[in-house]
Amino acid sequence: MAGSGNKLKTVICLLRNDLRYHDNEILKWGHQNADNVIPLYCFDPRHYKGTWHFEFPKTGPFRLKFLLESVSDLRNTLKQVGSGLLVRHGEPEVIVPQLIKQIGLQGDCVAVALQEEVTKEELDVENGLVKSCQPVTVKKFWGSTLYHKQDVPFRINNVANVFTAFRKQVESQCRVRQVIQMPDKYKPLPPGLDEGVIPSMADLGVADEVSDSRSAFPFSGGESTGLERIQHYFWDKNYVAKYKETRNGLIGSDYSTKFSTWLAHGCLSPRKIYEEVKKYERQREANQSTYWVIFELIWRDYFKFVAMKFGNKLFYLSGLLGIYKEWNQNKEMFDAWREGRTGVPFVDANMREMKATGFMSNRGRQNVASFLTKDLKLDWRLGAEWFEHLLMDHDVCSNYGNWLYSAGVGNDPRQDRKFNMIKQGLDYDPQGDYIRLWVPELSGIKDGGVHTPWTQSKSVLERADVELGRTYPYPIVQAPEWNRHTGRGGSSKRGRGGRPEPRGKQRGIDFYFSNPSQKRGGDKY
């Protein structure tokens, strides 16, 4: 299709959190509406500065490594279909107009296509592009959620304030759109364009991460490894059939899907995962576990729709509903929390795992967030921004939505929800294997007693070569409800490493809603 005056029509596809070829409506539209397509990724320098309030490095080493691998993988995939990926270092609002001008020397840029996002910094980029690219049209597409925003049975300002209501609405009244089929041969880049060099971590001012053999996420970034993960977890090992029973584990790479990091970078489409679940259910087995993978995708959608509804309130100290609490920003307590030296082994193990690997289990995140907000009463934004810095799978809507939830200023119908660190540790790591993995100075304490070293006898501590206050700290706080569980010492019937053994009901398994069969009370969590 030739443009006016025989100039070739060109579309620029600006990729951000959608680093994949499969199920990519932006790339599909560009292919259908141009002679040449320029897939473009910009390393935006604003992503490598400080977080909003506390100036933690915004993109830590683990997420950056995954991102660089994902960009490289997408470039390889696009080359295989006859295209390529332009890489530039700079703000998209500046880079894209420069590229439009360059294209205009030999062709006609008819549009800039990108995936629509919902939070301030991303929206600022979109609005800036609309202004700086004039008169070229900026065309936005929705592609980050399982349910398309045009298909949900409510207006955005009527998104339910409680997850269960949202879930019931979309499950009963929405369909999941089909995965978009991509061409085997893609429209080429315009001739003569320099694709650019993918920067190193040092180029972006971030120190190389040090790999850790204990990591529960030993995977490389990219669409290719994401699709391999689906193949492994669903089809090669059938782990998906037991996902609901194992998802609260703590050790190893296969207790949960680990899809979140690929989803956060857009290397996997939620619709692709849904399609594979449905295919698995047809061909092998459908049960609570296969459904639970979809359930988690709906949670991810919910936080995205909540962010659309509430806008910048997602980042307010008072949260979505304007709930004012007395928070503090005690630096000594926060430093102890983030460095994993609170003296509470279950908290410390999880925080050290995240610091060393960029990953933490779902169970761990719930507990360390509850500890920071409910036991230490620290400003929840400290935790949210620290997670933003370190987590490989940081997704702004899910991260801040979960922290609001934990702080009691978000979508939790029970604003007083508090986790009991000792009960949780003994429930999900009954023999203390996880603690000894990440807090090796306590490795000499056997069984579940490692969760409460301050309650152990002098002789036990001496045999374990533990001196409280010197080799391991005393707890910086102690909650009275912990005393109900300090004598359990590994009597739970759960499996090793916190992987629960299947049974009828698991107490405390679901962070997001109450189990109606249990009474409210401190022992629940």
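Since the model is a prediction, treat every value here as computed from it, not as a measurement. The first residue in the sequence is number 1, and the count goes up from there.
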With [X], which residues qualify under salt bridge (Lys or Arg N to Asp or Glu O under 4.0 Å), at least two apart?
X	answer
Glu228	none
Arg88	none
Lys49	none
Lys258	none

Query - Residue of the set Leu40, Ile12, Asp44, Val112 for which side chain to side chain contact (heavy atoms under 4.5 Å, CB included) holds with Pro92 - result: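 So, applying the side chain to side chain contact (heavy atoms under 4.5 Å, CB included) to Pro92 and each of Leu40, Ile12, Asp44, Val112, only Asp44 qualifies.
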**Report entry** Passing candidate, side chain to side chain contact (heavy atoms under 4.5 Å, CB included) with Ile230, options Val240, Thr257, Leu268, Asp236
**Finding:**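 Output: one option passes, namely Leu268.
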Query raised in the report: For Glu25, what residues pass the side-chain contact (heavy atoms from CB on, under 4.5 Å) criterion, not counting sequence neighbours?
Result: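 Counting only residues at least two positions away or on another chain, Glu25 forms a side-chain contact (heavy atoms from CB on, under 4.5 Å) with Phe141, Ile180.
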Taking the six-membered ring for Trp and the full ring for Phe, Tyr or His, determine whether the centres of [X] and [Y] are under 6.0 Å apart.
X	Y	value
His89	Phe43	no
Phe163	Phe295	yes
Phe315	His53	no
Tyr280	Trp235	yes

Applying salt bridge (charged side-chain N to carboxylate O under 4.0 Å, His left out) as the test, list every pair that has at least one member in [range]; sequence neighbours left out.
range	value
residues 75-87	Arg75-Glu195, Lys79-Glu195
residues 123-134	Arg16-Glu126, Lys120-Asp124, Glu126-Lys140
residues 162-173	Arg167-Glu171

Side chains of [X] and [Y]: is there a donor and an acceptor less than 3.5 Å apart?
X	Y	value
Tyr400	Glu388	yes
Asp73	Ser224	yes
Tyr302	Asn411	yes
Glu285	Thr290	no
Lys309	Asn161	yes
Arg284	Asn238	yes
Asn76	Gln80	no

Any idea which heavy atoms bring [X] and [Y] closest together, and the distance?
X	Y	answer
Ala307	Leu314	CB-CD2, 4.0 Å
Phe334	Gly383	CE1-N, 4.5 Å
Tyr274	Leu297	N-CD1, 4.3 Å

I need the [X] [atom1] to [Y] [atom2] distance, nearest 0.5 Å.
X	Y	atom1	atom2	answer
Phe62	Phe359	CZ	CZ	13.0 Å
Cys13	Lys187	SG	NZ	11.0 Å
Glu93	Ser132	CD	OG	6.5 Å
Gln169	Tyr147	CD	OH	11.5 Å
Tyr255	Ile251	OH	CD1	9.0 Å

Query raised in the report: Who passes ring-ring contact (aromatic ring centres under 6.0 Å, His included) against His394, sequence neighbours left out?
Result: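 Listed in chain order: nothing, the list is empty.
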Query raised in the report: Can you list the residues that meet the ring-ring contact (aromatic ring centres under 6.0 Å, His included) rule with Phe219, with sequence neighbours excluded?
Result: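 Result, ring-ring contact (aromatic ring centres under 6.0 Å, His included) vs Phe219: Phe217, Trp262.
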Query - Step-by-step side chain to side chain donor-acceptor pair (under 3.5 Å) determination, Gln115 to Asn17 - result: CA-CA 8 Å; Gln115 177 174 280; Asn17 297 319; over 6 Å; no
Query - Listed partners of Thr77 passing side chain to side chain donor-acceptor pair (under 3.5 Å), at least two apart - result: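 So Thr77 forms no side chain to side chain donor-acceptor pair (under 3.5 Å) with any residue.
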**Report entry** Any donor-acceptor N/O pair, Ser215 side chain to Asp212 backbone, under 3.5 Å
**Finding:**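 No; judged by distance alone, with no hydrogens or angles, the pair does not exist.
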**Report entry** Donor-acceptor under 3.5 Å (Asp108 side chain, Gly104 main chain)
**Finding:**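 Pair absent, no side-chain N/O of Asp108 close to backbone of Gly104.
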Query raised in the report: What do the steps show when you test Arg417 against Asp412 for salt bridge (Lys or Arg N to Asp or Glu O under 4.0 Å), and what is the final call?
Result: CA-CA 8 Å; Arg417 189 187 308 270; Asp412 190 352; 2.6 Å; yes
Report task. Would you check if Leu14 and Leu129 make a side-chain contact, meaning some heavy-atom pair closer than 4.5 Å? Result ->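 Side chain of Leu14 against side chain of Leu129, heavy atoms only: contact under 4.5 Å found.
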Query raised in the report: Can a cation-pi geometry be assigned to Arg338 and Trp386, taking NZ or CZ under 6.0 Å from the six-membered ring centre and within 45° of the ring axis?
Result: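 Yes.
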Report task. Would you mind telling me which of Arg271, Lys28, Arg177, Lys272 makes a salt bridge (charged side-chain N to carboxylate O under 4.0 Å, His left out) with Asp23? Result ->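 Exactly one candidate clears the test, Arg271.
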Query raised in the report: Would you call the rings of Tyr233 and Tyr243 parallel, tilted or perpendicular, where under 30° means parallel and over 60° means perpendicular?
Result: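 Judged by the thresholds at 30° and 60°, the geometry between Tyr233 and Tyr243 is perpendicular.
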Could you give the side-chain donor-acceptor pairs of residues 95-103 under 3.5 Å, partners two or more places apart or in another chain?
none

**Report entry** Arg300/Glu296 under salt bridge (Lys or Arg N to Asp or Glu O under 4.0 Å): CA gap, chis, key distance, verdict
**Finding:** CA-CA 6 Å; Arg300 182 175 173 274; Glu296 300 286 7; over 6 Å; no
